[in-house]
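Just so it is clear: chains get the letters A, B, ... in the order the sequence lines come, proteins before strands, and each one is counted from 1.
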Amino acid sequence: MNLYQNSNLLNAFDLYVREQDALLPREEELSSVTLSPAFHEKMQRLLMLRKRGFYVLFGTAGRRVASILVAVLLALTTATVSVKALRESVLHFFAEVFDTHTQVTFVDETPDINVPVETVFEPRTPTYIPEGYVMEQETKLEAAYIVVYVNGDGSKLRYKQFPKGSGDMQVDTEDIVYEEIRIDEYIGITYCNKGFTYIVFSDERYTYTLSGVISMDELTKVAGSIQLN
Amino acid sequence: MLLFYLSLLETQEDKDKFEYLYKRYAPLLKHVAYQKLQNEQKAEDAVHTAFLNIIKSFYKIDDATSHKTRHLLVVVTENVAIDMLRKDRHIARVDFEDIAPTLSVTQEMLDGLAVQELVEMIQSLPEIYRTVLEMRVYHGMNEKQIAAALDISYAAVRKRLERARTMLAANIRKQEGVPYESVSK
(Lines give C-alpha, C1' and ligand atoms only; values in the text may rest on other atoms or scores of the structure.)
Protein backbone atom coordinates (compact mmCIF):
# COMPACT_ATOMS: atom_id res chain seq x y z
CA MET A 1 0.00 0.00 0.00
CA ASN A 2 1.16 3.50 -0.79
CA LEU A 3 2.42 5.22 2.31
CA TYR A 4 0.52 8.34 1.39
CA GLN A 5 -2.71 6.38 1.57
CA ASN A 6 -2.15 5.17 5.08
CA SER A 7 -5.45 5.57 6.86
CA ASN A 8 -3.88 6.52 10.15
CA LEU A 9 -1.93 9.31 8.52
CA LEU A 10 -4.99 10.42 6.57
CA ASN A 11 -7.09 10.54 9.75
CA ALA A 12 -4.37 12.49 11.49
CA PHE A 13 -4.29 15.05 8.71
CA ASP A 14 -8.05 15.27 8.76
CA LEU A 15 -7.97 16.03 12.46
CA TYR A 16 -5.09 18.44 12.03
CA VAL A 17 -6.83 20.33 9.22
CA ARG A 18 -10.06 20.55 11.22
CA GLU A 19 -8.15 21.95 14.17
CA GLN A 20 -6.41 24.48 11.97
CA ASP A 21 -9.64 25.38 10.26
CA ALA A 22 -11.27 26.09 13.60
CA LEU A 23 -8.61 28.71 14.24
CA LEU A 24 -9.48 30.67 11.10
CA PRO A 25 -11.76 33.65 11.47
CA ARG A 26 -15.37 33.02 10.52
CA GLU A 27 -16.97 34.91 7.66
CA GLU A 28 -18.78 37.31 9.98
CA GLU A 29 -15.46 38.23 11.55
CA LEU A 30 -14.08 39.22 8.18
CA SER A 31 -16.53 41.99 7.47
CA SER A 32 -13.79 44.55 8.01
CA VAL A 33 -11.64 43.01 5.28
CA THR A 34 -12.17 44.99 2.12
CA LEU A 35 -11.05 44.14 -1.35
CA SER A 36 -9.99 46.95 -3.61
CA PRO A 37 -11.77 47.64 -6.91
CA ALA A 38 -8.48 46.91 -8.69
CA PHE A 39 -8.41 43.45 -7.14
CA HIS A 40 -12.01 42.79 -8.11
CA GLU A 41 -11.25 43.85 -11.65
CA LYS A 42 -8.24 41.60 -11.82
CA MET A 43 -10.21 38.64 -10.53
CA GLN A 44 -13.16 39.46 -12.71
CA ARG A 45 -10.88 39.42 -15.69
CA LEU A 46 -9.62 36.06 -14.62
CA LEU A 47 -13.19 34.79 -14.51
CA MET A 48 -14.12 36.28 -17.83
CA LEU A 49 -11.37 34.65 -19.78
CA ARG A 50 -12.55 31.67 -21.66
CA LYS A 51 -11.14 28.53 -22.97
CA ARG A 52 -11.48 29.71 -26.54
CA GLY A 53 -9.86 33.04 -27.03
CA PHE A 54 -9.77 34.05 -30.62
CA TYR A 55 -10.65 31.91 -33.56
CA VAL A 56 -9.98 32.37 -37.18
CA LEU A 57 -11.17 29.85 -39.67
CA PHE A 58 -10.01 30.33 -43.16
CA GLY A 59 -9.69 28.48 -46.40
CA THR A 60 -7.06 28.39 -49.07
CA ALA A 61 -8.47 31.21 -51.16
CA GLY A 62 -8.92 33.45 -48.21
CA ARG A 63 -5.56 33.02 -46.62
CA ARG A 64 -4.13 36.34 -47.57
CA VAL A 65 -7.34 38.11 -46.69
CA ALA A 66 -7.45 36.20 -43.46
CA SER A 67 -4.04 37.40 -42.47
CA ILE A 68 -4.93 40.96 -43.29
CA LEU A 69 -8.21 40.71 -41.51
CA VAL A 70 -6.65 39.39 -38.35
CA ALA A 71 -4.11 42.17 -38.47
CA VAL A 72 -6.91 44.70 -38.83
CA LEU A 73 -8.91 43.18 -36.02
CA LEU A 74 -5.91 43.24 -33.79
CA ALA A 75 -5.25 46.82 -34.71
CA LEU A 76 -8.84 47.61 -33.84
CA THR A 77 -8.45 46.12 -30.45
CA THR A 78 -4.99 47.45 -29.83
CA ALA A 79 -6.18 49.81 -27.14
CA THR A 80 -7.31 46.83 -25.11
CA VAL A 81 -5.17 44.01 -26.31
CA SER A 82 -2.13 46.18 -26.34
CA VAL A 83 0.15 43.26 -25.93
CA LYS A 84 3.17 43.29 -28.13
CA ALA A 85 3.58 39.59 -27.58
CA LEU A 86 0.11 38.93 -28.88
CA ARG A 87 0.71 40.75 -32.12
CA GLU A 88 4.03 39.04 -32.50
CA SER A 89 2.43 35.70 -31.84
CA VAL A 90 -0.03 36.35 -34.64
CA LEU A 91 2.77 37.16 -37.05
CA HIS A 92 4.59 34.09 -35.92
CA PHE A 93 1.45 32.06 -36.29
CA PHE A 94 0.97 33.06 -39.89
CA ALA A 95 4.61 32.69 -40.72
CA GLU A 96 4.57 29.17 -39.37
CA VAL A 97 1.32 27.71 -40.55
CA PHE A 98 -0.09 29.92 -43.26
CA ASP A 99 1.10 27.75 -46.10
CA THR A 100 0.42 24.41 -44.56
CA HIS A 101 -3.06 24.63 -43.08
CA THR A 102 -6.38 25.45 -44.57
CA GLN A 103 -8.29 25.54 -41.34
CA VAL A 104 -6.69 26.60 -38.13
CA THR A 105 -7.87 27.32 -34.66
CA PHE A 106 -5.89 30.10 -33.17
CA VAL A 107 -5.93 30.57 -29.43
CA ASP A 108 -4.63 33.71 -27.84
CA GLU A 109 -2.57 32.59 -24.91
CA THR A 110 -1.21 35.94 -23.96
CA PRO A 111 -3.98 38.24 -22.84
CA ASP A 112 -2.93 41.12 -20.67
CA ILE A 113 -4.20 40.48 -17.19
CA ASN A 114 -3.52 44.06 -16.24
CA VAL A 115 -5.92 45.48 -18.75
CA PRO A 116 -8.78 47.05 -16.81
CA VAL A 117 -11.88 45.01 -17.14
CA GLU A 118 -15.28 46.41 -17.85
CA THR A 119 -16.83 46.40 -14.41
CA VAL A 120 -20.23 47.75 -15.29
CA PHE A 121 -21.38 46.43 -18.59
CA GLU A 122 -23.78 48.78 -20.33
CA PRO A 123 -25.80 47.19 -23.09
CA ARG A 124 -26.33 49.47 -26.05
CA THR A 125 -29.06 48.88 -28.52
CA PRO A 126 -29.10 50.29 -32.04
CA THR A 127 -31.84 52.87 -32.32
CA TYR A 128 -32.23 52.24 -36.01
CA ILE A 129 -33.50 48.88 -37.19
CA PRO A 130 -34.44 48.37 -40.85
CA GLU A 131 -38.11 48.25 -41.63
CA GLY A 132 -39.75 44.89 -41.18
CA TYR A 133 -37.36 43.63 -38.54
CA VAL A 134 -38.51 42.90 -35.01
CA MET A 135 -36.57 41.74 -32.01
CA GLU A 136 -36.64 37.97 -31.83
CA GLN A 137 -34.19 37.32 -29.04
CA GLU A 138 -32.31 39.44 -26.54
CA THR A 139 -29.57 38.00 -24.35
CA LYS A 140 -27.91 40.01 -21.63
CA LEU A 141 -24.88 38.36 -20.11
CA GLU A 142 -22.38 39.65 -17.61
CA ALA A 143 -20.03 40.61 -20.40
CA ALA A 144 -21.99 40.40 -23.63
CA TYR A 145 -25.17 41.71 -25.10
CA ILE A 146 -26.67 39.88 -28.05
CA VAL A 147 -29.79 40.79 -29.94
CA VAL A 148 -31.28 38.94 -32.87
CA TYR A 149 -33.81 40.67 -35.08
CA VAL A 150 -35.87 38.88 -37.69
CA ASN A 151 -37.99 40.07 -40.59
CA GLY A 152 -41.00 38.56 -42.29
CA ASP A 153 -38.80 36.47 -44.58
CA GLY A 154 -37.06 34.92 -41.66
CA SER A 155 -33.84 36.83 -42.36
CA LYS A 156 -31.95 37.59 -39.24
CA LEU A 157 -29.95 40.58 -38.21
CA ARG A 158 -27.54 39.85 -35.40
CA TYR A 159 -26.02 42.39 -33.10
CA LYS A 160 -23.41 41.61 -30.49
CA GLN A 161 -21.65 43.90 -28.04
CA PHE A 162 -18.90 42.87 -25.66
CA PRO A 163 -16.10 44.55 -23.73
CA LYS A 164 -12.98 44.99 -25.78
CA GLY A 165 -10.56 42.17 -25.38
CA SER A 166 -12.88 40.01 -23.31
CA GLY A 167 -14.77 37.99 -25.84
CA ASP A 168 -13.95 35.46 -28.44
CA MET A 169 -14.58 36.22 -32.04
CA GLN A 170 -15.23 33.83 -34.87
CA VAL A 171 -14.53 35.08 -38.31
CA ASP A 172 -15.03 32.99 -41.39
CA THR A 173 -12.71 34.74 -43.78
CA GLU A 174 -12.84 32.42 -46.71
CA ASP A 175 -13.18 34.22 -50.03
CA ILE A 176 -13.92 37.57 -48.51
CA VAL A 177 -12.79 41.05 -49.33
CA TYR A 178 -13.02 43.56 -46.59
CA GLU A 179 -13.27 47.31 -46.63
CA GLU A 180 -12.50 49.86 -44.03
CA ILE A 181 -15.52 51.63 -42.65
CA ARG A 182 -16.02 54.59 -40.38
CA ILE A 183 -18.72 54.46 -37.74
CA ASP A 184 -18.96 57.82 -36.11
CA GLU A 185 -15.32 58.56 -35.26
CA TYR A 186 -14.28 54.92 -35.10
CA ILE A 187 -12.68 52.83 -37.79
CA GLY A 188 -14.03 49.37 -38.44
CA ILE A 189 -14.21 46.83 -41.20
CA THR A 190 -17.03 45.56 -43.28
CA TYR A 191 -17.13 42.56 -45.55
CA CYS A 192 -19.54 40.23 -47.28
CA ASN A 193 -19.39 36.51 -47.14
CA LYS A 194 -21.82 33.89 -48.38
CA GLY A 195 -24.57 36.43 -48.73
CA PHE A 196 -24.10 37.91 -45.29
CA THR A 197 -22.84 41.39 -44.62
CA TYR A 198 -20.67 41.99 -41.60
CA ILE A 199 -19.47 45.03 -39.72
CA VAL A 200 -16.95 44.84 -36.89
CA PHE A 201 -15.79 47.89 -35.00
CA SER A 202 -14.87 49.11 -31.54
CA ASP A 203 -15.13 52.27 -29.53
CA GLU A 204 -13.15 52.90 -26.36
CA ARG A 205 -15.02 50.33 -24.32
CA TYR A 206 -16.75 47.80 -26.49
CA THR A 207 -16.45 45.81 -29.67
CA TYR A 208 -19.58 45.55 -31.82
CA THR A 209 -20.39 43.05 -34.50
CA LEU A 210 -23.38 43.22 -36.77
CA SER A 211 -24.34 40.75 -39.44
CA GLY A 212 -27.25 39.85 -41.62
CA VAL A 213 -28.54 39.30 -45.12
CA ILE A 214 -28.82 42.98 -45.63
CA SER A 215 -27.21 45.70 -47.71
CA MET A 216 -24.01 47.32 -46.57
CA ASP A 217 -25.71 50.70 -46.41
CA GLU A 218 -28.49 49.47 -44.19
CA LEU A 219 -26.13 47.66 -41.86
CA THR A 220 -23.95 50.76 -41.66
CA LYS A 221 -26.99 52.77 -40.64
CA VAL A 222 -27.74 50.26 -37.90
CA ALA A 223 -24.16 50.46 -36.68
CA GLY A 224 -24.26 54.23 -36.80
CA SER A 225 -27.33 54.34 -34.59
CA ILE A 226 -25.55 52.72 -31.63
CA GLN A 227 -24.89 55.22 -28.86
CA LEU A 228 -21.09 55.09 -28.68
CA ASN A 229 -18.70 56.55 -26.14
CA MET B 1 0.11 31.45 -20.71
CA LEU B 2 -2.66 32.59 -18.45
CA LEU B 3 -5.44 31.60 -20.78
CA PHE B 4 -3.86 28.23 -21.13
CA TYR B 5 -4.14 27.70 -17.42
CA LEU B 6 -7.68 28.91 -17.39
CA SER B 7 -8.50 26.56 -20.16
CA LEU B 8 -8.15 23.88 -17.55
CA LEU B 9 -11.38 25.15 -16.12
CA GLU B 10 -13.08 23.29 -18.86
CA THR B 11 -16.63 23.05 -17.78
CA GLN B 12 -19.10 25.67 -16.74
CA GLU B 13 -19.25 23.88 -13.42
CA ASP B 14 -15.52 24.44 -12.95
CA LYS B 15 -15.87 28.10 -13.79
CA ASP B 16 -18.81 28.51 -11.43
CA LYS B 17 -16.89 26.76 -8.72
CA PHE B 18 -13.90 28.98 -9.23
CA GLU B 19 -16.08 32.06 -9.07
CA TYR B 20 -17.69 30.76 -5.90
CA LEU B 21 -14.31 30.15 -4.30
CA TYR B 22 -13.20 33.63 -5.15
CA LYS B 23 -16.33 35.33 -3.88
CA ARG B 24 -16.53 33.30 -0.72
CA TYR B 25 -12.92 33.04 0.32
CA ALA B 26 -11.17 36.12 -1.03
CA PRO B 27 -11.65 38.10 2.23
CA LEU B 28 -10.37 35.21 4.33
CA LEU B 29 -7.39 34.68 2.06
CA LYS B 30 -6.58 38.35 2.06
CA HIS B 31 -6.70 38.27 5.85
CA VAL B 32 -4.34 35.28 5.87
CA ALA B 33 -1.94 36.93 3.43
CA TYR B 34 -2.07 40.22 5.29
CA GLN B 35 -1.05 38.47 8.51
CA LYS B 36 2.20 37.57 6.81
CA LEU B 37 2.78 40.57 4.56
CA GLN B 38 1.29 43.47 6.54
CA ASN B 39 0.51 45.22 3.29
CA GLU B 40 -2.91 45.50 1.67
CA GLN B 41 -1.74 45.60 -1.92
CA LYS B 42 0.68 42.75 -1.51
CA ALA B 43 -1.93 40.70 0.29
CA GLU B 44 -4.28 41.07 -2.66
CA ASP B 45 -1.50 40.16 -5.07
CA ALA B 46 -0.85 37.06 -3.00
CA VAL B 47 -4.51 36.03 -3.15
CA HIS B 48 -4.59 36.54 -6.89
CA THR B 49 -1.46 34.45 -7.35
CA ALA B 50 -2.82 31.78 -5.05
CA PHE B 51 -5.93 31.41 -7.20
CA LEU B 52 -3.78 31.21 -10.30
CA ASN B 53 -1.61 28.54 -8.71
CA ILE B 54 -4.65 26.49 -7.82
CA ILE B 55 -5.81 26.64 -11.43
CA LYS B 56 -2.35 25.81 -12.70
CA SER B 57 -2.13 22.77 -10.51
CA PHE B 58 -4.86 20.91 -12.44
CA TYR B 59 -6.29 20.11 -9.04
CA LYS B 60 -9.99 19.53 -9.12
CA ILE B 61 -11.91 20.99 -6.21
CA ASP B 62 -14.63 18.55 -5.30
CA ASP B 63 -16.52 20.42 -2.67
CA ALA B 64 -16.06 24.17 -2.76
CA THR B 65 -17.77 24.62 0.58
CA SER B 66 -15.73 22.15 2.62
CA HIS B 67 -13.18 22.94 5.30
CA LYS B 68 -10.77 20.84 3.27
CA THR B 69 -10.99 23.21 0.31
CA ARG B 70 -10.80 26.26 2.53
CA HIS B 71 -7.67 24.93 4.18
CA LEU B 72 -6.04 24.15 0.85
CA LEU B 73 -6.63 27.71 -0.32
CA VAL B 74 -5.26 29.02 2.95
CA VAL B 75 -2.14 26.87 2.70
CA VAL B 76 -1.48 27.91 -0.90
CA THR B 77 -2.04 31.58 -0.06
CA GLU B 78 0.28 31.38 2.94
CA ASN B 79 2.90 29.80 0.76
CA VAL B 80 2.60 32.57 -1.82
CA ALA B 81 2.81 35.21 0.90
CA ILE B 82 5.89 33.60 2.41
CA ASP B 83 7.48 33.46 -1.01
CA MET B 84 6.78 37.14 -1.54
CA LEU B 85 8.33 37.96 1.81
CA ARG B 86 11.32 35.88 0.95
CA LYS B 87 11.77 37.68 -2.34
CA ASP B 88 11.32 41.07 -0.68
CA ARG B 89 14.00 40.25 1.81
CA HIS B 90 16.21 38.62 -0.79
CA ILE B 91 16.28 35.40 1.12
CA ALA B 92 17.13 32.36 -0.92
CA ARG B 93 14.89 29.35 -0.62
CA VAL B 94 16.85 26.38 0.54
CA ASP B 95 15.64 22.87 0.19
CA PHE B 96 17.33 20.62 2.60
CA GLU B 97 19.42 17.83 1.31
CA ASP B 98 21.19 15.18 3.21
CA ILE B 99 20.91 17.03 6.46
CA ALA B 100 19.96 13.82 8.17
CA PRO B 101 20.53 10.21 7.33
CA THR B 102 17.85 8.99 4.99
CA LEU B 103 15.19 7.22 6.94
CA SER B 104 11.70 6.72 5.74
CA VAL B 105 8.59 6.24 7.72
CA THR B 106 6.89 2.87 7.22
CA GLN B 107 3.32 1.68 7.32
CA GLU B 108 4.07 -0.16 10.54
CA MET B 109 5.37 2.96 12.18
CA LEU B 110 2.26 4.90 11.23
CA ASP B 111 -0.13 2.13 12.20
CA GLY B 112 1.49 1.83 15.56
CA LEU B 113 0.55 5.33 16.60
CA ALA B 114 -2.66 6.83 17.89
CA VAL B 115 -4.17 9.45 15.58
CA GLN B 116 -3.64 12.20 18.14
CA GLU B 117 0.03 11.28 18.42
CA LEU B 118 0.36 11.57 14.68
CA VAL B 119 -1.38 14.93 14.72
CA GLU B 120 1.21 16.20 17.14
CA MET B 121 3.97 14.95 14.90
CA ILE B 122 2.40 16.63 11.90
CA GLN B 123 2.21 19.84 13.86
CA SER B 124 5.86 19.58 14.77
CA LEU B 125 6.97 19.37 11.15
CA PRO B 126 8.37 22.58 9.65
CA GLU B 127 5.73 24.29 7.56
CA ILE B 128 7.28 23.63 4.16
CA TYR B 129 7.36 19.89 4.78
CA ARG B 130 3.99 19.74 6.46
CA THR B 131 2.43 21.55 3.52
CA VAL B 132 3.64 19.17 0.85
CA LEU B 133 2.77 16.18 2.97
CA GLU B 134 -0.71 17.52 3.60
CA MET B 135 -1.23 18.12 -0.10
CA ARG B 136 0.00 14.65 -0.96
CA VAL B 137 -1.83 12.72 1.73
CA TYR B 138 -4.90 14.73 2.58
CA HIS B 139 -5.70 16.41 -0.72
CA GLY B 140 -4.52 13.52 -2.85
CA MET B 141 -2.43 15.75 -5.08
CA ASN B 142 0.42 14.28 -7.05
CA GLU B 143 3.90 15.79 -7.14
CA LYS B 144 3.28 17.79 -10.29
CA GLN B 145 0.10 19.29 -8.91
CA ILE B 146 1.85 20.22 -5.69
CA ALA B 147 4.71 21.78 -7.62
CA ALA B 148 2.30 23.96 -9.60
CA ALA B 149 0.24 24.93 -6.56
CA LEU B 150 3.32 25.96 -4.62
CA ASP B 151 5.23 27.26 -7.62
CA ILE B 152 8.26 25.13 -6.92
CA SER B 153 10.02 22.50 -8.96
CA TYR B 154 8.96 18.90 -9.19
CA ALA B 155 12.33 17.89 -7.76
CA ALA B 156 11.83 20.21 -4.80
CA VAL B 157 8.46 18.60 -4.07
CA ARG B 158 9.96 15.14 -4.11
CA LYS B 159 12.78 16.28 -1.89
CA ARG B 160 10.43 17.89 0.58
CA LEU B 161 8.23 14.82 0.68
CA GLU B 162 11.23 12.65 1.32
CA ARG B 163 12.39 14.99 4.01
CA ALA B 164 8.92 15.02 5.60
CA ARG B 165 8.89 11.23 5.71
CA THR B 166 12.34 11.23 7.23
CA MET B 167 11.33 13.70 9.90
CA LEU B 168 8.20 11.75 10.72
CA ALA B 169 10.22 8.58 11.04
CA ALA B 170 12.76 10.28 13.24
CA ASN B 171 10.05 11.67 15.49
CA ILE B 172 8.41 8.28 15.79
CA ARG B 173 11.69 6.64 16.65
CA LYS B 174 12.39 9.32 19.14
CA GLN B 175 9.04 8.72 20.80
CA GLU B 176 9.78 5.03 20.90
CA GLY B 177 13.01 5.82 22.65
CA VAL B 178 15.25 4.85 19.78
CA PRO B 179 18.02 7.44 19.29
CA TYR B 180 17.71 8.98 15.87
CA GLU B 181 21.37 8.59 15.09
CA SER B 182 21.24 4.88 15.69
CA VAL B 183 18.60 4.28 13.10
CA SER B 184 19.79 3.21 9.76
CA LYS B 185 17.84 3.25 6.55
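Taking V47(B), V74(B), V32(B), L161(B) one by one and counting their heavy-atom pairs under 4.5 Å with chain A, the maximum is reached by L161(B).
With rounding to the nearest 0.5 angstrom, the CD atom of Q20(A) is 6.5 Å from the CZ atom of R130(B). How far CG of D14(A) is from CD of E134(B): 10.5 Å, rounded to the nearest 0.5 Å. The NZ atom of K23(B) sits 9.5 Å away from the NE2 atom of H40(A) when rounded to the nearest 0.5 Å. In this structure, the separation between OG1 on T106(B) and CG on L3(A) is 7.5 Å, given to the nearest 0.5 Å. Atom CG of residue L168(B) and atom CG of residue L9(A) lie 6.5 Å apart, to the nearest 0.5 angstrom. Distance check: Q116(B) CD to E19(A) CD gives 5.5 Å after rounding to the nearest 0.5 Å.
With hydrogens and angles disregarded, no donor-acceptor distance shorter than 3.5 Å links the side chain of N11(A) to the backbone of V115(B).
Looking at L35(A), the atoms closer than 4.5 Å to chain B (heavy atoms on both sides) sit in the backbone and in the side chain alike. Proximity to chain A (any heavy atom under 4.5 Å) is shown, for Y34(B), by neither the backbone nor the side chain. In this structure, chain A has heavy atoms under 4.5 Å from both the backbone and the side chain of L110(B).
Counted within 6.0 Å of CZ on R158(A), heavy atoms from surrounding residues, nucleotides or ligands total 12 or fewer; the atom is thus considered open. Heavy atoms of other residues, nucleotides or ligands lying less than 6.0 angstrom from NZ of K42(B) number 12 at most.
Taking each heavy atom of V33(A) and P27(B) in turn, the nearest pair found is CG1-O, 3.5 Å. Counting all heavy atoms, side chain and backbone alike, A12(A) lies closest to V119(B) at O-CG2, 3.3 Å.
The list of salt bridge (charged side-chain N to carboxylate O under 4.0 Å, His left out) pairs with a residue in residues 108-122 of chain B, not counting sequence neighbours, is empty. Sorted by first and then second residue, the pairs that involve residues 43-54 of chain B and meet salt bridge (charged side-chain N to carboxylate O under 4.0 Å, His left out), not counting sequence neighbours, are K42(A)-D45(B), K30(B)-E44(B).
Y16(A) and H71(B) share no donor-acceptor pair across their side chains, judged by distance under 3.5 Å alone.
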> Could you walk me through whether Y4(A) and M141(B) pass the side chain to side chain contact (heavy atoms under 4.5 Å, CB included) check?
Replying inline: CA-CA 10 Å; Y4(A) 298 124; M141(B) 299 168 80; over 6 Å; no

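Between R24(B) and E27(A), some side-chain heavy-atom pair lies under the 4.5 Å cut-off. Under the 4.5 Å side-chain criterion, counting only non-hydrogen atoms from C-beta, L24(A) is in contact with R70(B).
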